[in-house]
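Note that this is a predicted model, so its numbers are computed, not measured. We count residues from 1, following the sequence as given.
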Amino acid sequence: MSGERAAFGALLRELRLSASQTIEGLAEASGVSVRGIGDLERGRRAAPQRRTVAALADGLGLDEAQRQRLLTAARAGRTGGYSPVGVRAFPRGVDDFVGRERELTRLATLAAQEAAAQPAVVAVCGPPGTGKTTLALHAARDLADRFPDGQLVLDLRGTDDDPPGPAALVLSVLKALQVADRDLAQAGPSGHPALYRRLLAERRCLLVLDNARDEGQVRPLLPAAGAGMVVVTSRRMLTGLDSVHRLPLGELEPAEAAEFLTSLVGADRAAADPAALADVAERCGHLPLALRVAGNWLATRTGWTVRRLADRLAVEDRRLDALAAGDLRVAAAFDLSYRQLTPAAARLFRRLALVPGPDVGAAGAARLTGQPLFDAEDTLEELVETGLLGAPGDRYRLHDLLRLYARSRLEAEECAQDADLARAALYDWLLETTVVAGRWFEPDHGSPPPTWQGTVDLSSADRARGWLQSEGANWLAALRAAAAAGEHAAVVEVAEALHWFSDQWIFWGHWPEVFGTAADSARALGDPVLEATHLNYHAWALLACEDRPHDSLDRSAEALAAALRAADTRQQAWAHVYRAWALRRLGDFIPAADHMHRAAPLFEAVDDLPGSLQARHGQASALLDSDDPEKALVAYRDTLAFVDRAGDRLPSHIADFSRGQLHSGMGACHALLGRWTQAVDDLSTSVAISRKSGNTAMESRQLVDLGNALLSAGRPREGREAFARCVSLGLDADPQRVAEARSVLARLDAP
């Protein structure tokens, strides 16, 4: 208790005893309740308002000097305001607050809006363990001077089985605002809400409603007028509240997480092994509660190195058990939210642990439970609303620690057979949909057949591309599982469907695995045509995706041998193409040209239009390699005319891809001839084509060539823009070209 409250309570007791009165007698004489007098004497309640002091003085029969003495003690007890969790006595943990600068700035901006028509209401929402209460308390302390009439912090106990209702909470605030018991009794329970609203309208107070259960508990506590501010914290998103400012909280940034851990374990210990500190932060999912537990663990075990804890947390199956320090447990925080879920939501939450990738769409989630799509979406939104599931865009994502918690609940509450069946249903759906989506890009397929009844929209090539990319980690895991289970025909079918799509997403990072796995499955099936086909795909992936020309040559040699055994002309032609590309990358231009020339008649013999296009393109590139840009330019133009003549016989994405490549080649020819204006024109066209078709890998390569041409043309500002655009393209860009662009930008920016 504070000294001021104790001083008032001690004086009141002294005066009562001097008057030879019991608490009951004083209550009867003054009209103040027995409980109220007892709380005041014990210091459990702030000093009362003036009229309550006057009633006590009358009941005690005090003279004027004694009355003034009691009033003076009451005023001293009221100094600095009052709060159930006082601003002057915040819970431990607020002082080591780290990060959240954006959120604190937003709260400060809202607090400064004195001319607002109604109090600012801010809903701070987020998953368990993200530090919502700590943020609210830290902000309340920082903003205390803006709210001279008091800062009130009220625990709504939203995760309790029987949280307090609005009436009890309103009464609690009224008592905190020092409303006399006599006035409360006079207003009666039905009048408390009006009294509550009037008092908050008259005062500039900051009210923190911590740990709200739902909108129904909060809505009656929101004042409609006044210059105050209300900050509500909740695990739920409180979507039903109107006219509120929302501050969603997630995990800390890696640097903030490291800073937080350092504040707990000490700078020297953290600096001794910064890599281990980063590992601990990552394995805590950068979640403030988990970081605090880990920091407390290390702080109380001074003989442990940070690396020892990092290694302990590396074991996923034991991580949640390890994130416990005394009575502070991360899993316990998750339990509070999980037990409030409906049975359908709890079941889906558990089964989301079966998703192999970082996130999933609604259609995939529906496969885990067998729900209709719309029902699954409703259930997912319940999980989002309760803070147990993130929803970036149209995807759904479990935090890493919540995923481990969901897995533990799955193991505890469902049998292994049910979990296996749910996983199998998801994987079967992923592979089936991958085949349909991938065939959008195959020359002999295109849009889904009329008989296909899917739960995702694959009505265009762009939508198919989007689905394949967003679900990439998931269908890759399903493909791996199929290969491990010996489902070789399924593996080959999936890889075949993705052949032409792979050109649209070159630097995803997994094409060598996809096509290498398919080659192994084709060999296991004993089909030399399939084996040659997927060995060729693997040769392409090794060269285009990982720049491994020697390994690619080995694979294309195997492909050529298998194609010859099968007497398959088409795959022989493709093997020659991939051998030519690898040899060209190694600088062996003469044999590269020979292989490309051998491929051309083979493609023509089987009327393979895309193959013939590749052979023509390769021959033009061979002329460029032989330092004959004029002849190469003619060959590129002839190949471009070939594309135009093909018309609808070439799928649009293959035609667009080829046009972009051909204009890039023509730009290179003009550059070698010093024709910078023409080079810029062709390279700009190639960039525009790649950008429009969404082929980031090709765009990144062409942007670097365009930037160099612009610099040579004496247009440095535009050249710099091209390099900057390349750097901004992200993970789907060619990493070598991005590195080259960064290097040029550094050189341009150097003094």
Side-chain angles (χ1 to χ4, degrees), residues 35 39 44-45 83-86 89-94 121-137 140 152-176 189 192-193 196 207-222 230-241 244 249 287-290 292-293 320 323-346 349-350 382-389 401-402 405-406 408-409 412-413:
R35 180 176 178 180
D39 286 347
R44 293 179 179 175
R45 179 183 169 191
S83 76
V85 180
F90 275 90
R92 295 178 63 83
V94 178
V121 179
V122 185
V124 181
C125 306
T130 49
K132 300 176 291 295
T133 298
T134 304
L135 171 68
L137 295 179
L152 311 177
V153 182
L154 194 64
D155 184 1
L156 273 58
R157 306 197 332 255
T159 55
D160 287 4
D161 292 334
D162 186 23
L169 294 169
V170 165
L171 180 60
S172 178
V173 173
L174 289 173
K175 289 184 175 181
H192 289 170
Y196 171 91
L207 179 60
V208 177
L209 304 176
D210 186 41
N211 191 16
R213 184 181 186 89
D214 53 31
E215 296 90 339
Q217 189 189 35
V218 171
R219 195 174 286 113
L221 302 176
L222 302 181
V230 181
V231 178
V232 185
T233 74
S234 179
R235 297 181 178 203
R236 302 183 67 89
M237 294 183 68
L238 303 178
T239 305
L241 290 183
V244 301
L249 284 193
L287 192 71
L289 175 60
R292 182 174 295 283
V293 171
L320 284 178
L323 286 173
D327 63 352
L328 193 61
R329 295 176 57 248
V330 172
F334 297 162
D335 280 333
L336 293 174
S337 293
Y338 177 73
R339 72 187 189 192
Q340 293 182 351
L341 296 175
T342 62
F349 174 75
R350 296 191 298 268
E382 178 184 341
L383 293 173
V384 172
E385 182 68 27
T386 56
L388 289 175
L389 190 63
L401 294 181
L402 280 167
Y405 176 76
S408 72
R409 300 321 310 155
E413 299 180 37

Side chains of S172 and L154 in contact at under 4.5 Å (non-hydrogen atoms): yes
Any donor-acceptor pair under 3.5 Å from D160 side chain to D162 backbone: no
Applying ring-ring contact (aromatic ring centres under 6.0 Å, His included), name anything that partners Y338, two or more places apart in sequence or on another chain. F349, Y405
Start with the C-alpha gap between T130 and L287, add the side-chain angles, then the distance that decides, and say whether side chain to side chain contact (heavy atoms under 4.5 Å, CB included) holds. CA-CA 6 Å; T130 49; L287 192 71; 3.6 Å; yes
Of all the heavy-atom pairs spanning G240 and R219, show the shortest one and how long it is. O-NH2, 3.3 Å
Should L169 and L209 count as side-chain neighbours, where that means a heavy-atom distance under 4.5 Å? no
Which distance, rounded to the nearest 0.5 Å, do you find between the CG of L383 and the CG of L388? 6.5 Å
Could you work out, with side-chain contact (heavy atoms from CB on, under 4.5 Å) as the rule, every residue matching P166, not counting sequence neighbours? P220
For the OG1 atom of T159 and the CG atom of N211, what is their distance to the nearest 0.5 Å? 4.5 Å
Nearest non-hydrogen partners of L323 and A290, listed with the distance: CD2-O, 3.9 Å
Check whether any side-chain heavy atom of R213 lies under 4.5 Å from a side-chain heavy atom of L156, and answer yes or no. no
Find out whether K132 and L135 are in side-chain contact, i.e. whether some heavy atom of one side chain is under 4.5 Å from a heavy atom of the other. no
Could you tell me whether E413 and R409 have a side-chain N and a carboxylate O separated by less than 4.0 Å? yes
Taking all non-hydrogen atoms of both residues into account, name the closest pair between R235 and L336 and its distance. NH1-CB, 3.6 Å
Closest heavy-atom contact between V232 and L222? CG2-CD2, 4.4 Å
P127 side chain near L389 side chain, heavy-atom distance below 4.5 Å: no
Correct closest heavy-atom pair for T239 and E215 would be N-OE2, 3.2 Å
Shortest non-hydrogen contact from V208 to A136? CG1-CB, 3.9 Å
Polar side-chain atom of Q217 near backbone of G165 as donor-acceptor pair, under 3.5 Å: no
Using only atom types and a distance under 3.5 Å, with no angle test, would you say the side chain of E382 pairs donor to acceptor with the backbone of L341? no
Could you check whether any side-chain N or O of T386 sits under 3.5 Å from a backbone N or O of R236, counting only pairs where one atom can act as donor and the other as acceptor? no
Looking at side-chain heavy atoms only, is the closest gap between L221 and V173 below 4.5 Å? no
